[in-house]
Structures are given as C-alpha cells and as structure tokens.
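One structure is given below, encoded as structure tokens.
Counting from 1, the numbers follow the sequence of the chain as shown.
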Amino acid sequence: MAKDALDLLNFKNEVFKSYLFWSSVLLLKMLLMSLLTGLQRFRTQTFANPEDCLLSKKDKVAYDNPHIERVRRAHLNDLENILPFFIAGLFYVLTDPSAFLAINLFRLVAAARILHTIVYAVVVIPQPARFLAYGAAYLPTIYMASQVVIFVF
C-alpha cells in the first residue's frame, strides 16, 4: 500500500529524521564556510572592502589571495552540490525507500562533503582526494534523483 506524503514527512519515519539530521549537519557546515572565509581574511589581512581594513595598517583590499579564494571555491562547490542534495534527498524520502539504504546514502553524502572541504580548504591534499570526496557525494545524489524519476514515471 502506497504511503501518503504526510506518513513519510514526519518524525516517526526514520528516513525523514535521518534526512533532516544530515541536511542540518550540511547546512551548519555551509554556514561555517563563511566563518572560515572570514578567518582567512583576518589571518592574511586581506579584505574585500576598504571599510573592513580597520585593524592594522597592513590590512589591504585584494580579490586574489590564494588562501581566501580556495575557501571561497570550496564554499561555491558546496552551493553547487549540497543544495541539489537537499532537494534530491527530500524527494527521495517521498519514494519511501529502504531505510538502511537511504540513511546510509545521507550519511555518505554528508561525510563526503565534509571530507571534501577538509582536503580542499583546510588541509590541502593533492588529487585525487578532492575528486574522490566530490564523487562520493555526487553519485549518491544522482542515484537519489534518478530513483525519484523512476518512481514518478
């Protein structure tokens, strides 16, 4: 018997609870990226606006600091990949998937995105580390979206 959306989008559904938990972890991770960018700005004394140069005469306005730009690129990559996961994951919950599979897909995406940030912006590790972390989150998101398409049609 097919379940109604309200049966699936409630806290009795372990898949939905897991989706909410891991999505919240990723949301917090994305919010922390802004703080990491700010930290890099203060560490390098490089700011994007002249009015931000208040603490020291060494402060400068620049848009090409490699440390700041690396964090900004990692943040942009999050926006390009985590936001689609939010949508695909929620739609996937509505297909009433296997709890074991869905919960582990959500975990994998979250862990891979956190690892991606670490190897890209925190402790830079040469390729293929970043590519593997990216793929470990990208492929499950594609899988979930594909399952939704198959479920609907």
Side-chain angles (χ1 to χ4, degrees), residues 1-44 46-48 52 62-153:
M1 175 166 108
K3 291 185 180 179
D4 186 273
L6 293 177
D7 294 328
L8 298 169
L9 299 178
N10 69 59
F11 291 102
K12 293 176 188 168
N13 181 355
E14 292 301 314
V15 173
F16 182 61
K17 282 175 40 176
S18 179
Y19 166 77
L20 289 177
F21 175 80
W22 290 110
S23 292
S24 296
V25 167
L26 288 173
L27 182 61
L28 289 169
K29 180 236 172 294
M30 286 175 48
L31 291 169
L32 289 173
M33 292 303 291
S34 298
L35 295 177
L36 186 56
T37 302
L39 181 67
Q40 288 289 13
R41 289 195 183 284
F42 281 102
R43 189 180 69 73
T44 63
T46 307
F47 298 93
D52 296 336
Y63 307 103
D64 60 353
N65 181 286
H67 303 290
I68 296 168
E69 290 308 308
R70 180 172 282 276
V71 174
R72 288 169 42 86
R73 286 191 308 271
H75 195 176
L76 178 60
N77 193 279
D78 281 349
L79 294 171
E80 293 169 347
N81 291 279
I82 293 175
L83 296 179
F85 163 74
F86 289 159
I87 297 165
L90 181 61
F91 290 172
Y92 185 60
V93 169
L94 293 172
T95 69
D96 194 20
S98 152
F100 176 81
L101 178 60
I103 290 167
N104 284 301
L105 287 173
F106 300 154
R107 287 175 180 156
L108 176 60
V109 170
R113 290 309 307 174
I114 291 166
L115 183 61
H116 181 271
T117 295
I118 291 169
V119 301
Y120 195 0
V122 179
V123 180
V124 179
I125 297 176
Q127 289 286 24
R130 191 173 81 234
F131 173 76
L132 293 173
Y134 166 82
Y138 185 78
L139 292 175
T141 303
I142 290 290
Y143 172 80
M144 288 184 276
S146 300
Q147 290 303 302
V148 171
V149 170
I150 291 167
F151 181 82
V152 172
F153 292 103

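Distance check, rounded to the nearest 0.5 Å: OG1 of T46 to NE2 of H67 gives 9.0 Å. The distance from the CZ atom of F106 to the OG atom of S23 is 7.0 Å, given to the nearest 0.5 Å. For the atom pair L39 CG and I68 CD1, the distance stands at 10.0 Å (nearest 0.5 Å). The distance from atom CG of L83 to atom OG1 of T141, rounded to the nearest 0.5 Å, is 11.0 Å. Remark: K17 NZ to W22 CH2 distance equals 14.0 Å, nearest 0.5 Å. The CD1 atom of I103 sits 13.0 Å away from atom CZ of F16, with the distance rounded to the nearest 0.5 Å.
Contact check for F11 versus L20: side-chain heavy atoms found under the 4.5 Å cut-off. By the 4.5 Å heavy-atom criterion applied to side chains, T117 and L32 are not counted as neighbours. Contact of the L94 side chain with the L9 side chain is registered, since non-hydrogen atoms from C-beta on lie closer than 4.5 Å. Side chains of Y120 and Y134 form no contact here, defined as non-hydrogen atoms less than 4.5 Å apart. M30 places a side-chain heavy atom less than 4.5 Å from the side chain of L79. Within the 4.5 Å cutoff, no side-chain heavy atoms of V25 are placed close to those of K29. Residues L101 and Y92 have side chains in contact (heavy-atom distance under 4.5 Å, counting atoms from C-beta outward).
No more than 12 heavy-atom neighbours from other residues, nucleotides or ligands sit within 6.0 angstrom of OH on Y138. Around CZ of F42, the count of heavy atoms belonging to other residues, nucleotides or ligands within 6.0 Å does not exceed 12.
Side-chain atoms of T95 never come within 3.5 Å of backbone atoms of F91 as a donor-acceptor pair (strictly under, hydrogens ignored). Panel note: side chain N13, backbone N10; no donor-acceptor pair is recorded below 3.5 Å. Judged purely by atom type and a 3.5 angstrom limit, Y19 uses its side chain to pair as donor or acceptor with the backbone of F86. Of the possible polar contacts, one joining the N104 side chain to the F100 backbone as a donor-acceptor pair under 3.5 Å is found. Not a single donor-acceptor pair under 3.5 Å links the side chain of D52 to the backbone N or O of A48. In this structure a side-chain-to-backbone donor-acceptor pair under 3.5 Å is present from S146 to I142.
Closest heavy-atom contact between V109 and P140: CG2-CB, 3.7 Å. Here the closest heavy-atom approach between residue G89 and residue M144 is recorded as CA-SD, 4.1 Å. Heavy-atom minimum distance, A102 versus P97: CB-CG, 3.7 Å.
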Inset, instruction - Using the side chain to side chain contact (heavy atoms under 4.5 Å, CB included) rule, take L36 and V122 through it: C-alpha gap first, then chi angles, then the decisive distance, then the call. - result: CA-CA 9 Å; L36 186 56; V122 179; 4.2 Å; yes
Inset, instruction - Before giving the answer on side chain to side chain contact (heavy atoms under 4.5 Å, CB included), spell out for R73 and N77 the whole-Å C-alpha distance, their side-chain angles and the decisive distance to 0.1 Å. - result: CA-CA 6 Å; R73 286 191 308 271; N77 193 279; over 6 Å; no
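For residues 110-138, the pairs satisfying salt bridge (Lys or Arg N to Asp or Glu O under 4.0 Å) are D78-R113, with sequence neighbours left out. Sorted by first then second residue, the salt bridge (Lys or Arg N to Asp or Glu O under 4.0 Å) pairs that include residues 137-153, not counting sequence neighbours, number zero.
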